[in-house]
Amino acid sequence: MRLVPRSLAGQLIGLLLLGIAAAHLIAILIEGEGILPQAREYSLVRIAAAYRAVEACAPDETPALLAALESSDAVYRLLPAPPELRPMSAADAELAAELATFAGLPPAAAIHVYVQADTEAYLPGSPRYGLLEARLRLSDGRWLHASLRPRLRSQWWLKFSVPVSVLPVLPLVLLFAWRILRPTRALAEAAERISRGERIDPLPVTGPVELREATAAFNTMHQRLTRFVADRTAMLAAIGHDFRTPLTALRLQVELLEDEAVRAPMRRIIDDMRDMIDETLRFARDDSVREPTQEADLAELVAHVGSRCLELGQAVSWAVPGPVPYRCRPLALGRALANLVDNAVRYGGTARIRLDAPPAGDSLLITVDDDGPGIPEDWLERVFEPFARPAPARDMDTGGIGLGLAIARSCIAAHGGEIHLANRREGGLTATIALPA
């Protein structure tokens with residue numbers, strides 16, 4: 001189970017909540033239980049003052065004095081005999097030592113203090129009181145018993161402040177995270193579109209300084225790549241024109257030859273050279289990038305490629321599910337699939353196309369099977385290189401110049417997909433196109 005949120009916004013919110021919870025937990029641990037510091041000192045001063053007043057008062061005046069000292073939260077009385085004392089805790093002993101200091105008594109004086117929390121129910125947010133009982137031995141052997149109700153520390157405000165502090169801050173954090181992540185999301189979407197070969201406008205430079213710098217660098221990179229591709233296309237077009245001119249002149253010279261036995265092979269060589277130049281320029285120009293992206297039905301596209309191959313007399317069959325809507329460049333994708341089918345028919349005699357639309361989130365798969373001899377394992381990747389052809393396939397009678405698979409991979413890569421070749425157990429070759437869903 002994933003405990004860390006995937007998105008940056010979720011991580012920011014989680015970090016905020018964790019920080020608030022940790023701060024309140026530390027406050028609760030530090031705060032602890034016990035008497036409030038102000039109530040603690042006030043109670044000890046009152047008890048010490050009552051002790052000194054009783055010591056200074058005549059015995060017959062003591063009852064009137066204690067009655068005058070009593071209040072709603074303090075009761076004083078005299079005990080003739082030593083009271084039954086409970087064991088003191090470390091906190092109670094500390095209070096007894098402080099009381100001795102306030103009363104001007106030595107630390108070893110007979111003082112006993114006992115504190116307990118109020119056992120009565122109270123409403124959240126209302127003051128919470130405890131019971132402080134102190135017994136001090138007087139100089140005449142009697143004991144002064146003081147019973148006070150000081151206010152205790154209450155942690156209700158910590159428990160209440162967690163939602164109070166989170167609720168106002170959370171919308172601000174969400175707004176802040178959305179403002180920060182919006183340029184990041186736009187940058188990721190633009191990179192994804194470029195990886196699919198689409199042309200995009202420069203992104204607006206917004207957001208924090210770091211994101212503005214990243215966006216500006218991305219726009220600069222995109223402009224340079226676009227300029228590089230445009231310059232390369234223009235250069236190749238010029239080279240193609242320069243190649244065609246001498247080839248045309250050479251073709252005219254060949255046609256002037258009288259011997260048909262000499263003229264025919266030379267004409268065939270010139271035609272092959274022209275085809276190689278055309279295919280090379282078409283591959284280098286990468287026409288798939290120029291085609292706009294649009295919504296298409298992959299099932300219809302596969303059926304269209306299969307039908308066109310059938311019209312050309314090729315043994316092709318296909319199996320597709322229902323409509324599979326997909327955003328792509330249909331001409332480029334159809335061209336890549338047609339090249340795979342043509343390759344399968346040329347070397348395997350037949351081609352079987354299958355389109356699989358797996359559950360959401362997985363890749364779309366298009367497979368092309370043939371019944372040919374397959375290719376050596378060490379050539380499964382090399383055949384995608386321009387002009388690369390395994391030795392058995394270099395027979396000019398099969399046609400082609402070794403650019404079909406290279407063009408197909410270029411078209412699929414422009415969609416963010418991949419092509420893989422694999423030899424089938426029962427013989428033949430399988431070409432698999434994996435497109436991002």
Side-chain angles (χ1 to χ4, degrees), residues 24-162 164:
H24 284 81
L25 179 60
I26 293 173
I28 291 175
L29 294 177
I30 294 177
E31 182 76 8
E33 292 288 350
I35 304 174
L36 283 173
Q38 301 86 343
R40 175 194 184 108
E41 182 176 354
Y42 179 61
S43 299
L44 295 179
V45 168
R46 293 174 69 183
I47 298 173
Y51 171 80
R52 289 194 295 266
V54 170
E55 286 281 54
C57 183
D60 56 342
E61 297 177 353
T62 302
L65 174 63
L66 295 179
L69 292 175
E70 287 188 3
S71 62
S72 60
D73 62 341
V75 176
Y76 301 93
R77 54 194 174 96
L78 290 175
L79 301 176
E84 182 181 352
L85 302 179
R86 304 173 185 175
M88 287 193 300
S89 64
D92 294 341
E94 182 181 351
L95 270 177
E98 291 184 27
L99 180 57
T101 301
F102 280 110
L105 297 173
I111 298 177
H112 183 274
V113 175
Y114 175 73
V115 179
Q116 68 177 7
D118 194 347
T119 57
E120 297 180 4
Y122 68 99
L123 297 176
S126 63
R128 190 181 182 193
Y129 297 93
L131 177 62
L132 169 60
E133 292 184 349
R135 298 175 179 86
L136 297 85
R137 188 170 64 182
L138 299 171
S139 57
D140 58 2
R142 294 180 298 173
W143 289 77
L144 173 64
H145 175 85
S147 179
L148 282 73
R149 293 177 60 80
R151 186 169 176 177
L152 300 179
R153 292 187 178 101
S154 180
Q155 297 173 354
W156 71 268
W157 63 271
L158 291 172
K159 302 170 184 177
F160 177 72
S161 65
V162 172
V164 169

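None of the values given here were measured: they were computed from a predicted structure.
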Less than 4.5 Å apart, any side-chain heavy atom of Tyr76 and any of Val54?
-> no
Rounded to the nearest 0.5 Å, how far does OG of Ser89 lie from CD of Glu94?
-> 9.5 Å
Determine the minimum heavy-atom distance between Ala74 and Leu148, stating which atoms define it.
-> CB-CG, 3.9 Å
Exceeds 12 heavy-atom contacts within 6.0 angstrom, atom OH of Tyr42 = no
May I ask you to test the Asp73-Arg46 pair for a side-chain heavy-atom distance under 4.5 Å?
-> yes
Once you round to the nearest 0.5 Å, how far does CG of Leu78 lie from CH2 of Trp143?
-> 13.0 Å
Closest approach of Glu133 and Ser147, non-hydrogen atoms and distance?
-> CG-OG, 4.2 Å
Report the distance from atom CZ of Arg52 to atom CG of Leu105, rounding to the nearest 0.5 Å.
-> 9.0 Å
Indicate yes or no: at least one non-hydrogen side-chain atom of Arg40 is less than 4.5 angstrom from one of Leu95.
-> yes
Rounded to the nearest 0.5 Å, what separation is found between the NE2 atom of His112 and the CZ atom of Arg135?
-> 6.5 Å
Considering all heavy atoms, the nearest Leu99-Ala48 contact | CD1-N, 4.0 Å
When rounded to the nearest 0.5 Å, the distance separating CG of Leu66 from NE2 of His145 is 11.5 Å
Can you find a pair of side-chain heavy atoms, one from Thr101 and one from Leu44, that are under 4.5 Å apart?
-> no
Could you tell me whether Arg142 atom CZ has more than 12 heavy atoms of other residues or ligands within 6.0 Å of it?
-> yes
Check step by step if side-chain contact (heavy atoms from CB on, under 4.5 Å) holds for Val113 and Ile47.
-> CA-CA 11 Å; Val113 175; Ile47 298 173; over 6 Å; no
What distance separates Ile111 CD1 from Tyr51 OH, expressed to the nearest 0.5 Å?
-> 7.5 Å
Decide yes or no for Val115 and Leu131: does some side-chain heavy atom of the first lie under 4.5 Å from some side-chain heavy atom of the second?
-> no
Does atom CD of Glu70 have more than 12 heavy-atom neighbours from other groups under 6.0 Å away?
-> yes
